[in-house]
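Please read the structure below before turning to the comments.
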Amino acid sequence: MVAALELTLLLKSLGLSKGNKCSAQGERQIPVLQTNSGPCLTGLATLAAHLVKEANKEYSLGSTAEEKAMVQQWLEYRVTRVDGNSNKDDIRILLKDLNSCLEAKVYLRGYNFTLADIVLYYGLHCFIVDLTVQEKKYLNVSRWFCPIQHYPGIRQHLSSVVFIKNRLYTNSH
């Protein structure tokens, strides 16, 4: 996903769509935000944390030092592991690893929805939407991804991802 588009989605999901100018710079399309107060901020993790604070939604960064560190860890994971991967084999490995991490969790940080969930959802959407039904075998990733795409204001114009194409029950008795 293009960095500026993803940043625009994040701005809207946080209710901050007015006044901030998003762009991307360089070959790697690193997101840049021109803030209302002046300085340009660069880098997805930095921008995301800044925007959450600007939106007065700091609870999504975690409440304890450990929780904040875990959210930061997932933001770094997004930038270092997800961004720039377009090889299908790399994506399968990434989804397999993520599937293991989500085995005993509802969200990335456990039972609380955070900024890390939003940012990783945006980063993985373009890959997961292109998976065939057979490739969507990562049950924990699917279980995590599905409610996030239905969380108010998150998906916006992104296409909804269907995980089960067959009916569970037939009409015959």
Side-chain angles (χ1 to χ4, degrees), residues 1-14 24 28-31 43-52 57-166 168:
M1 182 178 297
V2 178
L5 172 63
E6 187 172 338
L7 196 52
T8 301
L9 291 171
L10 182 59
L11 280 164
K12 287 180 183 177
S13 72
L14 294 171
R28 294 189 59 210
Q29 294 292 294
I30 297 171
L44 182 62
T46 302
L47 295 178
H50 168 77
L51 292 172
V52 162
K57 296 183 179 181
E58 290 181 339
Y59 57 86
S60 69
L61 292 173
S63 54
T64 66
E66 182 181 66
E67 290 173 351
K68 289 176 184 181
M70 288 176 70
V71 170
Q72 184 63 38
Q73 173 184 320
W74 281 109
L75 293 174
E76 290 174 17
Y77 177 88
R78 161 60 208 279
V79 172
T80 59
R81 296 288 316 268
V82 178
D83 291 355
N85 278 326
S86 58
N87 179 328
K88 223 163 174 139
D89 289 332
D90 290 343
I91 298 305
R92 280 191 204 113
I93 292 168
L94 186 138
L95 290 174
K96 183 180 177 188
D97 291 345
L98 184 58
N99 198 58
S100 294
C101 290
L102 289 167
E103 193 169 316
K105 299 177 184 177
V106 176
Y107 296 109
L108 296 172
R109 200 187 89 211
Y111 294 101
N112 297 317
F113 181 72
T114 66
L115 175 64
D117 295 294
I118 298 169
V119 172
L120 195 56
Y121 165 80
Y122 287 146
L124 292 175
H125 184 275
C126 62
F127 302 118
I128 293 179
V129 77
D130 287 339
L131 294 175
T132 65
V133 174
Q134 292 80 17
E135 290 173 319
K136 291 176 185 164
K137 61 186 175 189
Y138 307 101
L139 298 178
N140 298 323
V141 172
S142 299
R143 179 183 42 77
W144 165 81
F145 190 93
C146 196
I148 292 172
Q149 73 178 344
H150 296 293
Y151 203 87
I154 300 298
R155 184 169 46 96
Q156 299 171 47
H157 71 276
L158 297 175
S159 58
S160 181
V161 177
V162 177
F163 289 95
I164 299 174
K165 288 212 177 237
N166 58 345
L168 295 175

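The residues of the chain are indexed from 1 along the displayed sequence. Any value given below was found using the heavy atoms of this structure, including those in side chains, with hydrogens, waters and symmetry copies removed.
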Name the orientation class of the two ring planes belonging to Phe145 and Tyr121 (parallel below 30°, tilted from 30 to 60°, perpendicular beyond 60°).
-> tilted
Would you mind reporting whether Leu98 and Asn140 have side-chain heavy atoms less than 4.5 Å apart?
-> no
What heavy-atom pair brings Leu108 and Met70 nearest, and what distance separates the two atoms?
-> O-CE, 4.4 Å
Are Cys101 and Trp74 side-chain neighbours, meaning at least one heavy-atom pair lies under 4.5 Å?
-> yes
With side chains defined as the heavy atoms from C-beta onward, is the minimum distance between Ser160 and Arg155 less than 4.5 Å?
-> yes
Contact check, side chains of Trp144 and Asn99, non-hydrogen atoms, under 4.5 Å = no
Carboxylate-amine/guanidinium proximity below 4.0 Å for Glu103 and Arg143 = no
Rounded to the nearest 0.5 Å, how far apart are SG of Cys126 and CD1 of Ile91?
-> 7.5 Å
So, for Leu75 and Ala45, which heavy atoms are closest and what is the spacing to 0.1 Å?
-> CB-CB, 3.9 Å
CG/Asp117 to CD1/Ile148 distance, rounded to the nearest 0.5 angstrom?
-> 4.5 Å
Determine whether more than 12 heavy atoms belonging to other residues, nucleotides or ligands lie under 6.0 Å from atom NZ of Lys137.
-> no
For Val129 and Ser159 the tightest heavy-atom approach is CG2-OG, 3.3 Å
State, with a plain yes or no, whether a side-chain heavy atom of Ser63 is found less than 4.5 Å away from one of Lys68.
-> no
Nearest heavy atoms of Leu131 and Lys136, plus distance in Å = O-CE, 3.4 Å
Residues, nucleotides or ligands: over 12 heavy atoms within 6.0 Å of Gln156 CD = yes
Should Leu9 and His157 count as side-chain neighbours, where that means a heavy-atom distance under 4.5 Å?
-> yes
Determine, for Arg81 against Asp90, whether the closest basic-nitrogen to carboxylate-oxygen distance falls under 4.0 angstrom.
-> no
Ile118 side chain reached by Phe113 side chain, heavy atoms, under 4.5 Å | yes
Mind listing the closest non-hydrogen atom pair of Leu102 and Val141 along with its distance?
-> CD1-CA, 4.0 Å
Any idea which heavy atoms bring Thr114 and Arg109 closest together, and the distance?
-> CG2-NH1, 3.2 Å
Out of curiosity, His125 NE2 to Leu120 CG, how far, rounded to the nearest 0.5 Å?
-> 13.0 Å
Side-chain contact test, heavy atoms from C-beta onward, threshold under 4.5 Å: evaluate it for Ser13 versus Tyr122 and give yes or no.
-> yes
